[in-house]
Novice: 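I'd like to ask some things about the structure below.
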Amino acid sequence: MNLTFYKYQGTGNDFVIIDNRQAVLSKNNTKLFARLCDRKFGIGADGLMLLELPQNEEDDFTMVYFNSDGNESSMCGNGGRCLVAFAAFLGVIRDKATFTAIDGKHKAEIKDGLVYLQMQNVSEIEKYDSHLFLDTGSPHHVTMVDDLIHYDVTNIGRKIRNGAPYFETGSNVNFVEKKGEGLFAVRTYERGVEDETLSCGTGVTAVALSMYTTKMTNKEEVSIKTPGGELRVTFKETKNGYEDIFLIGPAEQVFKGEIIC
Ligand SMILES: N[C@H](CCC[C@H](N)C(=O)O)C(=O)O
């Protein structure tokens with residue numbers, strides 16, 4: 001079977017995207033999805049997304065996300081931003097989108113060449129001496145470090161991801177360094193990629209909220225430098241936690257291709 005795919009990247013987090021509105025591919029193609037994400041035997045990507053038909057009236061489409069291990073996973077913030085850009089490219093939307101992903105409904109808008117993706121509200125942030133833990137659509141362990149640029153993200157990240165209390169289920173692991181007022185640098189070890197990625201959207205969202213809740217910033221707008229580029233997170237503190245959370249950044253179509261599979 002010949003399969004048309006599109007390659008997108010959002011601050012270096014890269015994805016294979018397939019228009020699956022005809023439902024040609026079923027979700028249990030784990031081996032195929034892992035192969036397509038393989039950087040030697042396939043196209044190569046941190047994850048793969050299917051754009052599918054909406055399941056209800058308000059939605060423009062449905063998002064289905066798979067990590068590069070081929071398994072369907074929790075929400076991908078950078079992926080969601082890329083899928084919105086893809087939907088606009090296909091003409092499924094103009095510049096505004098409403099879609100459903102595994103963590104629920106999302107609204108998004110394309111403005112001045114950037115994709116604004118509304119993330120789910122966050123009502124709980126667990127605070128520990130060494131780190132914080134919260135779920136921004138995916139689970140995130142957030143810890144501050146010095147000299148981030150030389151930090152052993154892969155080995156230390158892997159240990160945390162597999163150790164207590166995460167074990168098999170795991171967590172994404174974000175290492176943060178403050179660079180200025182409302183400005184942080186982040187490197188992320190990503191669950192399901194099982195390596196450092198150049199950027200993680202739900203991860204920088206988790207970092208922004210963590211920095212605010214620990215008073216490392218008093219701004220409800222945080223800029224985050226990742227190795228793949230800069231993202232912005234805006235949010236509002238409410239009596240229930242954090243709402244109106246937006247992940248803002250670029251999303252680019254890198255190439256289109258056809259693969260025999
Ligand atoms: N690997 C993550 C999902 C993708 C998260 C990341 N790519 C993002 O942009 O949010 C997990 O399994 O929890």
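Both counts, for ligands and for their atoms, begin at 1 and track the order of listing. Along the sequence shown, residues carry numbers from 1. What you see is a predicted model, and the numbers here were worked out from it, not measured in a lab.
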Novice: Counting only heavy atoms and a distance below 4.0 Å, can you name the residues contacting ligand 1?
Specialist: Asn13, Tyr65, Asn67, Ser73, Ser74, Met75, Cys76, Gly77, Asn78, Ser138, Pro139, Asn172, Glu190, Arg191, Cys200, Gly201, Thr202

Novice: With rounding to the nearest 0.5 Å, note down the distance linking CD in Glu230 to OG1 in Thr11.
Specialist: 10.5 Å

Novice: In this structure, is the centre-to-centre distance between the rings of Phe99 and Phe61 below 6.0 Å?
Specialist: yes

Novice: Quick test of your reading: applying salt bridge (charged side-chain N to carboxylate O under 4.0 Å, His left out), list the pairs with at least one residue in residues 193-210, sequence neighbours left out, ordered by first then second residue.
Specialist: Arg161-Glu194, Arg187-Glu196

Novice: Under the 4.5 Å side-chain heavy-atom rule for ILVMFWY, direct or indirect, which residues accompany Val173?
Specialist: Tyr128, Phe133, Val145, Leu148, Tyr151, Val153, Ile156, Ile160, Tyr166, Phe175, Tyr189

Novice: Sequence neighbours left out, cut at 3.5 Å: what donor-acceptor pairs do the side chains of residues 40-51 make with other protein atoms?
Specialist:
{"unit_1": "Asp46", "atom_1": "OD1", "unit_2": "Arg39", "atom_2": "NH2", "d": "3.0"}
{"unit_1": "Asp46", "atom_1": "OD2", "unit_2": "Asn13", "atom_2": "ND2", "d": "2.8"}
{"unit_1": "Asp46", "atom_1": "OD2", "unit_2": "Asp14", "atom_2": "N", "d": "3.2"}

Novice: If hydrophobic clusters are built from ILVMFWY residues whose side chains come within less than 4.5 Å, do Val92 and Val24 share one?
Specialist: no

